[in-house]
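These notes are about the structure you will find just below.
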Amino acid sequence: MLKFTKMHGLGNDFMVIDLVTQHVQLSPKLIRQWSDRHFGIGFDQLLVVEPPTDPDMDFRYRIYNADGGEVEQCGNGARCFARFVLDKRLTQKSQIRVQTAGGPIVLQVRADGQVTVDMGAPRFSPAEVPFQAEAEALTYALDIGEQCLEVSTVSMGNPHCVTLVDDVELYPVERIGPLVESHVRFPKRVNAGFMQLLDTHHARLRVYERGAGETLACGTGACAAAVAGIRLGHLKSPVKIQLPGGTLHIEWAGPGQPVMMTGPASRVYEGQIRV
Ligand SMILES: N[C@@H](CCC[C@H](N)C(=O)O)C(=O)O
């Protein structure tokens with residue numbers, strides 16, 4: 001029997017497993033079975049806690065989308081990761097340094113229970129996103145067949161494409177999201193964010209996530225949207241990003257500086273599954 005914890009960050013939900021004290025052979029097929037909302041446990045991402053391979057880090061954090069693919073980063077998951085390792089007494093540190101495939105991040109659980117994550121510095125060069133473009137620019141014209149979108153691309157460890165829209169509730173995210181997610185100019189596919197500006201410190205966002213579909217919240221998506229809005233001169237730090245599942249607070253001092261994300265992390269239940 002494999003023990004797991006079901007958690008969520010603003011409704012972006014996770015199965016979290018401790019592979020410091022347990023062992024399981026993961027496969028894309030097994031992850032797809034577990035993620036199924038009718039025949040499995042149901043989640044947007046599987047989060048795995050492992051011992052670090054880098055001695056400067058406290059843990060290694062691995063992330064798998066509902067489609068079974070391993071990805072580089074997950075912001076809402078990072079906050080749940082912090083709660084999980086403290087609740088399971090895998091650490092007693094107040095600042096937790098975590099190794100991810102998208103680069104190191106630092107987690108801090110605050111006295112009010114909210115978690116602040118230093119997500120590292122965003123990257124913009126097309127090669128780092130990755131995105132096919134001749135040169136780096138603030139926006140790019142992305143031809144999706146039926147229309148051309150003006151998009152910003154950002155790597156938060158994982159790839160993001162942010163489009164400004166007039167009304168995010170009315171915007172057809174379910175139709176346009178998949179066209180952006182699997183656009184040929186994103187060789188690793190992309191998380192497609194659609195942002196409506198409200199004022200200089202406040203925006204609404206919906207994200208069609210790579211490998212998971214539209215979720216109630218995307219932490220790295222909120223960071224990427226805030227960063228894109230600041231770079232374009234529409235937003236100023238700190239920024240509140242309002243997602244369908246709730247609000248995240250994002251701070252960014254500018255190029256080369258880390259993005260700080262603050263929000264909640266909730267435990268739903270403890271479970272075990274036969275493997
Ligand atoms: N929900 C996450 C992002 C999860 C990974 C993403 N779908 C990807 O493929 O990069 C978040 O909160 O950041």
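Values below: every heavy atom of this structure, side chains too, minus hydrogens, waters and symmetry copies. Numbering starts at 1 and runs along the sequence shown. All ligand and atom numbering here is 1-based and tracks the order in the structure.
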(message) Using only atom types and a distance under 3.5 Å, with no angle test, would you say the side chain of E181 pairs donor to acceptor with the backbone of G211?
(response) yes

(message) Check this for me: does any side-chain nitrogen of one of D58 and K93 sit under 4.0 Å from a carboxylate oxygen of the other?
(response) yes

(request) List the closest protein heavy-atom neighbour of atom 2 (C) of ligand 1: residue, atom name, distance to the nearest 0.1 Å. (result) C74 SG, 3.1 Å

(message) On a heavy-atom basis, I'd like to know which of R79, Q45, M261 is closest to atom 4 (C) of ligand 1.
(response) Q45

(request) Check each of N12, N65, T220, L10 against atom 1 (N) of ligand 1 and report the one with the nearest heavy atom. (result) N12

(request) Ignoring hydrogens and angles, tell me if any N or O in the side chain of D44 forms a donor-acceptor pair with the backbone of D13 under 3.5 Å. (result) yes

(request) Verify, without hydrogens or angle tests, whether H202 (side chain) and Q242 (backbone) share a donor-acceptor contact under 3.5 angstrom. (result) no

(request) Tell me, please: is A212 in heavy-atom contact with ligand 1, that is, under 4.0 Å? (result) no

(message) I'd like the name of whichever of V71, N191, D13 reaches closest to atom 6 (C) of ligand 1 through any heavy atom.
(response) N191

(request) Enumerate the atoms of ligand 1 whose separation from the nearest heavy atom of N76 is less than 4.0 angstrom. (result) 11 (C), 12 (O)

(message) Counting only heavy atoms not in D167 (residues, nucleotides, ligands), do more than 12 fall under 6.0 Å from its CG?
(response) yes

If you look only at distance, which donor and acceptor atoms sit under 3.5 Å apart when one is on a side chain in residues 212-222 and the other is two or more places apart or in another chain?
residue : atom : partner : partner atom : Å
E214    : OE1  : R206    : NH2          : 3.1
E214    : OE2  : R206    : NE           : 2.7
T215    : OG1  : E209    : OE2          : 2.8
T215    : OG1  : A217    : O            : 3.0
T220    : OG1  : N158    : ND2          : 3.2
T220    : OG1  : H160    : NE2          : 3.1

(message) So, 4.0 Å and heavy atoms of Q73: is ligand 1 close enough to count as a contact?
(response) yes

(request) For atom 3 (C) of ligand 1, find the nearest protein heavy atom and state the residue, atom name and distance (0.1 Å precision). (result) E209 OE1, 3.5 Å

(request) Considering only NZ, NE, NH1 and NH2 on the basic side and carboxylate oxygens on the acidic side, decide whether R231 and E136 come within less than 4.0 Å. (result) yes

(request) Kindly identify the option in A66, G213, G219 whose heavy atom sits closest to atom 12 (O) of ligand 1. (result) G219

